[in-house]
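Heads up: the structure comes next, in structure tokens.
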Protein chains: 2
Amino acid sequence: MHDSLKNAREALRGWFLGPRAENADLLERLVTEALRDHVFWRRNYHPEDGFTIREVDKRTPGYEEAVSTLTQELMGLLAELKRGVPFFTGRYKGHMSFEQTIAAQIGYFAAMLYNPNNVAAEGSPVTTGLELQVATQLAEMIGYDSVRAWGHLTSGGTIANFEALWVARNIIYLPLAAAGAAEELDVDLPLKLPTGQTISLREATLWQLVNIRNEDALDLYHDLWNTAPRDAVKRAFHGHSLQTLGYQDYHKRLSKRFGDPLNAAVVMVPATAHYSWAKIARALGIGSNQVVYVRVDERFRMDADWFWRKVQKFSEQKTPILACISVCGTTEESAVDRLDQILAVRDRAERELGVTFHIHSDACYGGYAASLLIAGDGTRRTGKRIRKDIDADFPSDEWVASMQALADADSVTIDPHKLGYTPYPAGAIVYRDRRARELVATDPPYLMPTPGSPSAEDMFLGRFILEGSKPGAAAAAVWLSHKVLPLDERGYGYLISRTMLGARKLHRTLQESDFSPFRVVVLPEPDINIVCYVLTHPALETLHDVNEFNERIYGMMSLSVPGATPAYIITRTRFQTPMYDGAVDPILEELGVCTPAEWAEHPEEGLVVLRSTVMDPFAITLPPAPDHITGFVDELRRVCGAALATR
Amino acid sequence: MHDSLKNAREALRGWFLGPRAENADLLERLVTEALRDHVFWRRNYHPEDGFTIREVDKRTPGYEEAVSTLTQELMGLLAELKRGVPFFTGRYKGHMSFEQTIAAQIGYFAAMLYNPNNVAAEGSPVTTGLELQVATQLAEMIGYDSVRAWGHLTSGGTIANFEALWVARNIIYLPLAAAGAAEELDVDLPLKLPTGQTISLREATLWQLVNIRNEDALDLYHDLWNTAPRDAVKRAFHGHSLQTLGYQDYHKRLSKRFGDPLNAAVVMVPATAHYSWAKIARALGIGSNQVVYVRVDERFRMDADWFWRKVQKFSEQKTPILACISVCGTTEESAVDRLDQILAVRDRAERELGVTFHIHSDACYGGYAASLLIAGDGTRRTGKRIRKDIDADFPSDEWVASMQALADADSVTIDPHKLGYTPYPAGAIVYRDRRARELVATDPPYLMPTPGSPSAEDMFLGRFILEGSKPGAAAAAVWLSHKVLPLDERGYGYLISRTMLGARKLHRTLQESDFSPFRVVVLPEPDINIVCYVLTHPALETLHDVNEFNERIYGMMSLSVPGATPAYIITRTRFQTPMYDGAVDPILEELGVCTPAEWAEHPEEGLVVLRSTVMDPFAITLPPAPDHITGFVDELRRVCGAALATR
């Protein structure tokens, strides 16, 4: 066995509190240590101040009542919390939730006692630094040049993705604003087109201006600042930017200048993209109509050929593409888009059509899986070497290529609170080119960095992000977790590979098990660790019957029904037309109750699919862990019978 | 002494860990209790599963290394954290930061062990309920009808305010979308104008359609659903809503239908509003140019006369007012807008001009101060009674009227992580009319509530909010804190009144102290608890000199300079033109180094103002607490001398 694999296998048992709280003594020791350490800081801080709360004060009726209420209500809360979801056990096979690493839990708790606010280092001299370190680690994990890149934590994936699209919008309209400003300042600048050709900014057409590569747009922006005094440039640029004008006036302006308002810019997302993308587009004022769903293949990955044809079509219509969102780990199926192929489509569009766009990878779910690619010495592993090292028949070379391609995305979002196994709230975004943040920067009157202090600008996160106040504790949690579980084969790489192995074993076991008289239709092998399946029975003759049957199974294997105490917990989703057109064809065919055409005719029906995320790294063997795969399949078989009987 | 006051005064000493961690034993007992309670839940969950981590596994080199790394790195982190800000002591007089209530800390920690995700009750059966309870409590505190109202927690004030403006935008354009949909469905509906008159929707002009009162717009929306089958209405409505179309296509559509695109809608905010409002307007696509800053008076409150004149002007220009943001507790000065007067302006605009708009109160900072108005029996106290009960010469009747007026705002944001003394992240938003949330609702494919389960819709927060995954622990923290400190005179009301008393004492002490040869110019008495002041000396002859001098004082009384160990910590802000035009006049006059006109001519200079937030409820009296007001003033005097000497 590979040495670091052996080591990680042993270490894994120390990373979590454990399904039976086997590491309770460790966690309690560290929690107590952190608490007392904080207590003694306070106790020794300006001892000349004396005590504000005396022992005698603790004997007053009001004090005693306050403490009684607190203790009593806490007991009540603790009891209530047990009606919650037992994420910590392998019996939970539902959403992408598990327990957190001890490191993350204790890091969060320790820092929470100090309650730093990472909006600016003035309120978080320590944890703002940790946040920037964490962002750098994530940037390096996906292959970004960490000097050029920049990133930060967010409250979650939605806000991180929102920010990505907000920044992308500012970049796509940046050359247009620069052109307006240059005209006003009476200067000209060279403009590099995606075809490689360089033209004069003054002569650029509207269409050319919205088709400039990210880095060229940012170069142009920086060139602009050298053409005139800072204040003049600032005024001129802001006078032409969408950020300042807003959509309404911006388009009046464009109509006036170019004789024709621009077509509404579109955002392309795979049909499997998280529902929040439509929400984000609506909030940004882009509109959900402008979200174009790209067909996915039978592995739920964006169909690159379909995508190319769509890009061609938009090019013909002169519809700007604001951004293309590629997903690394869909929330429903954990599918990993062939980002390498998406990037190739953009290369081709630049060369052949003179069209370009921002490529963002929504790796909120799957991003941490990039740690599989990194060896303990920091070098990158090939697919072949990973397969050998972890002694498995995955990941495929294609999967590795998709992950490697993250390095070429313009921005990537990665949630530590998903496959990073840290507590909520912890999302993250990284930009390949740190200059992107300048386009959304604001200047609050307070929280001004002290001039001349080291990296003052970097320490003031609030200027460059959507959110304001934010917990420094989240940064400490992620930071400490990365210390204990490095972002490579020894740490997260090992952890995630175990869950992928677990998911594969569940997938195989489902396929090979005899469910008769029931039949299980298992969806394709997942790219990470979500296994989807549909149960059926000869008596179920319509899709509606099948859906209802699967809903009933879900009801019997979830906590959603009050009072239920399921032995195993799963979840479910509903595949809908037109998003899943094509992708569901093989499933429908196997189910044999309706054709894809019939399915598409009843959009309200959809296809109910049962879903099991394997977050549990102990899912496969490592004796004496219980075999929750066989146990689950047995239980599922039993539930099928019960679900049919109660029909 | 009023009984509940005496009780609260004693209870106060049990609410916090204490400046010298006097309540360490209490916090440690509860933390250990919560931890062990959780541990034993796991230990007794399906004991037949056996143990995944054996004692023998803990003796392997890999395990030991993992635990060593964790322990070592945690020790490092704990040491680092002490370079952080000592928010817990009265010596910290900077930002709106203090320690958190023990209840909030323990509530957060206890729930964090379960890591519930409040995006949907499926992952948080308990804490989603707590979040809704907390929102109801906040709604009731500000006087909303809690059956009609709705609210939830957010990651912070920026996201809460973002959501408020997003919803306001959907409401202002709602009648327009309804009119389009009705035309398409070939139906007509009555439309109630703000003047009281009712007309036919079909005959409404563009201007009338964007001037419909919130509840009338929502009534119209609900009426629309009864005119045709649900699917048909949905299709028709979405086909005409900004959410779907996006700004670009929306305005093309309007131009076509009404022959004239609408003027860009404006958002009115007081000049003192938080910097994030411009950021929010940019992100929403509204544009920062559309943010209209309303002049503030010398108490930094929105000038209602100026506001009325501006409303008249916009009415003449046919510029729609998307929303007016009133601030309850500005972040710089803790000023509380006369919301009652703002509401009166809207009443008048409705009557006289037929113009209306959404009124949002940004009470992120000051919202909890509304708890002062509520007696222990739930009745509302008059200003006179509060003054008598707390034995002070405040709050004024005007202040009470401003707070009472929150009940009539369309939406209010209130951050528990500010004056609620709970850990980050905890912002909140409440809407007066719960139907508002339907305008931003989305339907994710997974996380579907189980049909028929009680209040299924309410338990699925993710549908109605901007964010997705969010910590249930934050809800538990706020919930437990509200249990121990009720939102009335016995709890938060008392706590906040103590900090207001402390701020007043600081204000008075600064005014009365002899700083000669220095002179302190103290800004007006704060509406809540932020005291602002400027130091000067006869040798400082220009505003630049004065600003630099105050910056130097700040540098000597902050942790921003590496290695500094200031005895007291303050912060500072910079008042800028044109936002502070007028409001700064008395300050400039007292300083006597330049006229307001000269000040306005040098926008880069601004006016540096030192700021001290009194969050510490022990700031005044309650012996034996140290007197950190006299101590601070003495230190400030000393620092003045040192700052002048190093000039």
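Naming: A, B, ... by sequence-line order, numbering from 1 per chain.
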Checklist entry - Does the pair A/Y108 and B/Y108 meet the rule for a ring pair (Phe, Tyr, Trp, His ring centres under 6.0 Å), with working shown? => result CA-CA 10 Å; A/Y108 202 103; B/Y108 202 104; 5.5 Å; yes

Relative to chain A, which segment of [X] carries a heavy atom at a distance below 4.5 Å: side chain, backbone, both, or neither?
X: B/A110; result: both
X: B/L242; result: backbone
X: B/Q243; result: both

Can you name the nearest heavy-atom pair linking [X] to [Y], along with the distance?
X: B/G62; Y: A/N7; answer: CA-OD1, 3.6 Å
X: A/M112; Y: B/Q105; answer: CE-O, 3.5 Å
X: B/R20; Y: A/R43; answer: NH2-O, 2.9 Å
X: B/A66; Y: A/V484; answer: O-CG1, 4.1 Å
X: B/T244; Y: A/Q290; answer: O-NE2, 4.3 Å
X: A/V85; Y: B/P125; answer: CG2-CD, 3.7 Å

Checklist entry - Taking the six-membered ring of A/Y63 as reference, does the NZ or CZ atom of B/R13 fall below 6.0 Å from its centre and within a 45° cone about the axis? => result no

Under a 4.5 Å heavy-atom cutoff, which of [options] has the most pairs with chain A?
options: B/L27, B/I106, B/L466, B/L559; value: B/L466
options: B/H38, B/K58, B/E64; value: B/K58
options: B/T158, B/D415, B/L78; value: B/L78
options: B/T60, B/D49, B/L480, B/L113; value: B/D49
options: B/T69, B/I102, B/L26, B/L35; value: B/L35
options: B/A474, B/G14, B/G107, B/P86; value: B/P86

Checklist entry - Salt bridge or not for B/R54 and A/E22, using N-O below 4.0 Å? => result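 No, no charged N to carboxylate O under 4.0 Å.
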
Checklist entry - Heavy atoms, side chains only, cut-off 4.5 Å: are A/Y424 and B/K470 in contact? => result no

Quick one: [atom1] on [X] to [atom2] on [Y], what's the gap to the nearest 0.5 Å?
X: A/I159; Y: B/I159; atom1: CD1; atom2: CD1; answer: 3.5 Å
X: B/S288; Y: A/H238; atom1: OG; atom2: NE2; answer: 7.5 Å
X: B/Y247; Y: A/L284; atom1: OH; atom2: CG; answer: 11.0 Å
X: A/S124; Y: B/L81; atom1: OG; atom2: CG; answer: 11.0 Å
X: B/H417; Y: A/N117; atom1: NE2; atom2: CG; answer: 7.0 Å
X: B/D249; Y: A/H251; atom1: CG; atom2: NE2; answer: 9.5 Å

Next on the checklist: Can you confirm whether the side chains of A/E122 and B/S558 place a donor and an acceptor under 3.5 Å from each other?
Outcome noted: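 Absent: no donor and acceptor within the cut-off.
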
Checklist entry - Going by atom types only, do B/T32 and A/E28 share a side-chain donor-acceptor pair under 3.5 Å? => result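 Their side chains do not contain a donor-acceptor pair, so the 3.5 Å distance test is not met.
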
Checklist entry - Is the gap between the ring centers of A/F88 and B/Y114 under 6.0 Å? => result no

Checklist outcome for this item: Residue from A/R169, A/E65, A/H46, A/Q100 scoring the most non-hydrogen pairs under 4.5 Å with chain B is A/H46

